[in-house]
Amino acid sequence: MREWTKTIAEYIAQREGLCVDDIFLVWSCKTLQNRKAIFGCTRDQQLWEATYNGDKDETYIDRYQKFSNWVLKEVAND
């Protein structure tokens with residue numbers, strides 16, 4: 001799993017024009033032949049989700065950017 005996440009982090013850094021040290025692993029898991037990982041960036045508020053489909057031997061990467069942040073101080077319990 002470490003090799004896969006390292007490869008994805010290097011790919012993201014190269015594609016986005018970042019240093020690989022700017023990319024960090026937030027979360028990852030492996031289920032059967034499939035993998036999923038979420039990466040963050042120290043420079044901006046972007047996230048990448050990488051999904052490996054073991055049946056097709058393909059990896060898909062989605063990029064997300066934080067647009068807003070809301071604070072809920074109190075949530076009513078029904």
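Remember, predicted model here, so these are calculated numbers, not experimental data. Side-chain atoms are counted along with the backbone in the values below, which use heavy atoms only and exclude waters and symmetry mates.
- Note that CG of D22 and CD1 of I12 are 12.0 Å apart. Values are rounded to the nearest 0.5 Å.
- Summarising the local packing, CD of Q14 is surrounded by 12 or fewer heavy atoms from other residues, nucleotides or ligands at distances under 6.0 Å.
- The CZ atom of R15 lies 8.5 Å from the CZ atom of R63; values are rounded to the nearest 0.5 Å.
- Checked by atom type and distance alone, the side chain of N34 pairs as donor or acceptor with a backbone atom of G54 at under 3.5 Å.
- Across all non-hydrogen atoms, the minimal contact from G40 to L47 is CA-CD2, 3.9 Å.
- Contact detail for E49 and Y64: the closest heavy-atom pair is OE1-OH, 3.6 Å.
- Residue-environment remark: OH (Y11) stays at or below the threshold of 12 foreign heavy atoms within 6.0 Å.
- Put simply, I38 and Y52 are part of two different groups of oily side chains (I, L, V, M, F, W, Y) that touch within less than 4.5 Å, one to the next.
- Here OG1 of T5 is found 9.5 Å from CD of E10. Values are rounded to the nearest 0.5 Å.
- The same ILVMFWY cluster, assembled from side-chain heavy atoms under 4.5 Å apart, contains both L18 and I61.
- Side-chain N or O atoms of K30 include one that pairs as donor or acceptor with a backbone N or O of L32 at under 3.5 Å.
- Atom SG of C29 is separated from atom CZ of R35 by 11.0 Å, given to the nearest 0.5 angstrom.
- The structure places CD1 of I23 at 4.0 Å from CH2 of W48, a figure rounded to the nearest 0.5 Å.
- Hydrophobic clustering, with ILVMFWY side chains joined whenever heavy atoms are under 4.5 angstrom apart, keeps F39 apart from V20.
- Note that CG of L25 is 11.0 Å distant from CD1 of I8, once rounded to the nearest 0.5 Å.
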